[in-house]
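Ligands are counted one by one from 1 in listed order, and the atoms in each one are counted from 1 as well. Below, all heavy atoms of this structure are taken into account, side chains as well, without hydrogens, waters or symmetry copies.
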Amino acid sequence: MAELQKLPLYITFATQLKKIPEEEEMKVMKFGGTSVGKPERMNEIARLITKDEESKIVVLSALSGTTNSLSEISNSLSKGDRVSAKQRIDALELHYQNFIIQLVKSEEAYNKAKSIIAEHFEFLNIILKISYSEALNKDILAQGELLSTKLFSVFLNEKNIPHTWLPALDFMTIDSSGEPQVGSIKVKLSQILQRHKGSTIFLTQGYICRNSKGEVDNLKRGGSDYTASLIAGAISASVCEIWTDIDGMHNNDPRMVKKTKPISRLSFDEAAELAYFGAKILHPASIWPAQYFNFPVRLLNTMQPEAPGTLIMSEAGSVGVKAVAAKDFITAIKIKSSRMLLAYGFLRKVFEVFEKYQTAIDMVTTSEVAVSLTIDNDAYLSEIIKELEPFGSVEVDSDQTIVSIVGNQITQTKDVLAKVFTNLSGIPVRMVSYGGSQHNISILISREHKEKTLQLLNKGLFGM
Ligand code: ASP
Ligand code: MG
């Protein structure tokens with residue numbers, strides 16, 4: 001392993017791609033906030049992780065609502081509002097105290113759980129007295145996953161389920177640009193696993209990691225899925241199971257349309273498009289490790305564990321449209337310039353402005369005299385507009401929604417485009433992106449038309 005560390009990165013990657021045959025296969029099982037959010041849900045997780053003999057790394061999120069509360073605590077502190085920070089800390093502590101009363105039965109387990117809560121809330125109360133910084137914010141946000149995994153560990157012990165609690169902060173690291181250090185994660189994790197050879201159940205925290213300064217950091221909101229996927233890549237897992245409270249990715253947004261159905265199979269590309277364009281069930285970044293290391297991802301439902309859920313793997317399984325998804329809070333920008341006519345290099349200059357402000361572009365359409373594009377992060381909008389103005393007239397439409405029609409080879413599937421537009425005849429469509437990939441047709445509409453659009457497409461494309 002020490003040699004592995006010295007190898008150039010591309011060789012390290014190549015080594016990771018090959019499975020070592022004599023090594024026993026392991027799987028990753030990740031449980032989200034609602035799956036751990038109630039004492040009886042933890043009981044269900046205990047059942048699910050002991051159902052088969054396969055060794056596994058169990059990744060937990062914080063209890064539902066905790067990260068939001070922690071982020072509000074942090075927010076109050078950043079504004080110097082200690083009173084409301086303290087109120088929120090106390091309310092959260094009470095929530096945990098009630099949680100453990102129902103979680104464990106024995107006096108011994110209860111006392112253990114109580115001291116874990118005391119330890120973490122003492123930390124939060126100390127933080128109240130320290131001056132706020134970004135590093136402190138990250139420390140606060142990390143408490144949720146530490147609490148959930150520690151309490152679950154107490155629960156497993158009470159049930160005599162042998163397991164090893166692994167601190168994610170010992171192996172999960174990101175570099176100075178916030179990217180996970182895949183090679184180093186693999187080396188550290190396999191060293192740790194080596195030290196616990198007899199164990200078959202490992203328990204660790206999603207979301208949290210260490211940054212290049214060695215400080216506590218995180219993989220951004222919803223990042224526990226990403227943790228699970230990075231771990232699955234690092235250990236060449238047989239599968240990465242993402243357990244949530246819905247039976248897989250659905251063909252449409254259940255909050256917007258009456259009937260939806262789970263999608264049984266998706267390719268990595270399709271899943272990436274759906275995760276990115278609005279399907280909240282999976283963190284979009286968790287697809288690339290699966291694609292790179294080629295392990296399957298399964299989206300499963302803790303409330304309905306026998307349901308097949310969604311299987312994501314390299315092959316798409318079938319051809320045609322599989323789902324529509326919508327992404328809100330999109331800003332469309334149109335740059336109109338007669339100088340674009342017959343000119344080359346114009347797009348580069350436009351794109352450079354967005355690059356300068358680290359703002360990703362989602363959709364692009366061009367005509368001979370204008371280019372329209374969309375962004376989902378308007379933090380630097382006014383700076384960007386200022387720099388674009390010398391190129392021509394700039395128009396901005398905010399509160400737009402991208403609706404994506406995702407599937408396998410849909411651009412080659414007969415009549416998809418016709419069906420989309422016949423069904424949307426009453427909806428004003430601002431932009432269309434077709435042919436960028438074989439998996440996606442995206443249209444941009446004003447958000448006020450989103451619900452109607454999703455309903456019309458549900459009928460037109462899925463007959464639902
Ligand atoms: N607890 C974190 C969040 O709520 C990470 C996660 O649940 O994936 O964002
Ligand atoms: Mg999540």
Dump the intermediate steps for side-chain contact (heavy atoms from CB on, under 4.5 Å) on Ile427 and Leu456, then the final yes or no. CA-CA 10 Å; Ile427 306 281; Leu456 290 171; 4.0 Å; yes
Relative to the heavy atoms of Gly223, which atoms of ligand 1 are at a distance of less than 4.0 Å? 5 (C), 8 (O)
Starting from atom 4 (O) of ligand 1, locate the nearest protein heavy atom and write down its residue, its atom name and how far away it is, to 0.1 Å. Arg221 NH2, 3.0 Å
Would Lys56 and Phe202 count as a cation-pi pair here, with the cationic atom under 6.0 angstrom from the ring centre and within 45° of the axis? no
Run the salt bridge (charged side-chain N to carboxylate O under 4.0 Å, His left out) test against Glu241 and tell me which residues pass, sequence neighbours left out. Lys27
Residue-level breakdown please: for His283 versus ligand 1, do any non-hydrogen atoms fall below 4.0 Å on the side chain, on the backbone, on both, or on neither? neither
What do you reckon, does Gly222 put a non-hydrogen atom under 4.0 Å from ligand 1? yes
Which of the atoms in ligand 1, numbered in the order shown and given with their element, are less than 4.0 Å from a heavy-atom of Glu145? 1 (N), 2 (C), 5 (C)
Taking both backbone and side-chain atoms of Tyr207, is any N or O found less than 3.5 Å from an N or O belonging to ligand 1? no
re atom 6 (C) of ligand 1, the protein heavy-atom contact at minimum distance is Ser224 OG, 3.3 Å
Return the set of residues passing ring-ring contact (aromatic ring centres under 6.0 Å, His included) with Tyr357 (not counting sequence neighbours), or none when no residue passes. Tyr380
Would you call the rings of Tyr292 and Trp288 parallel, tilted or perpendicular, where under 30° means parallel and over 60° means perpendicular? perpendicular
With a 6.0 Å cut-off (strictly less than), is the heavy-atom count around CD of Glu40, excluding the residue itself, greater than 12? yes
For ligand 1, find out whether one of its N or O atoms is nearer than 3.5 Å to an N or O atom of Lys220. no
Any chance you could measure Ile89, atom CD1, to Leu94, atom CG, to the nearest 0.5 Å? 14.0 Å
What is the nearest protein non-hydrogen atom to atom 7 (O) of ligand 1, stated with its residue, atom name and distance? Ser61 OG, 3.0 Å
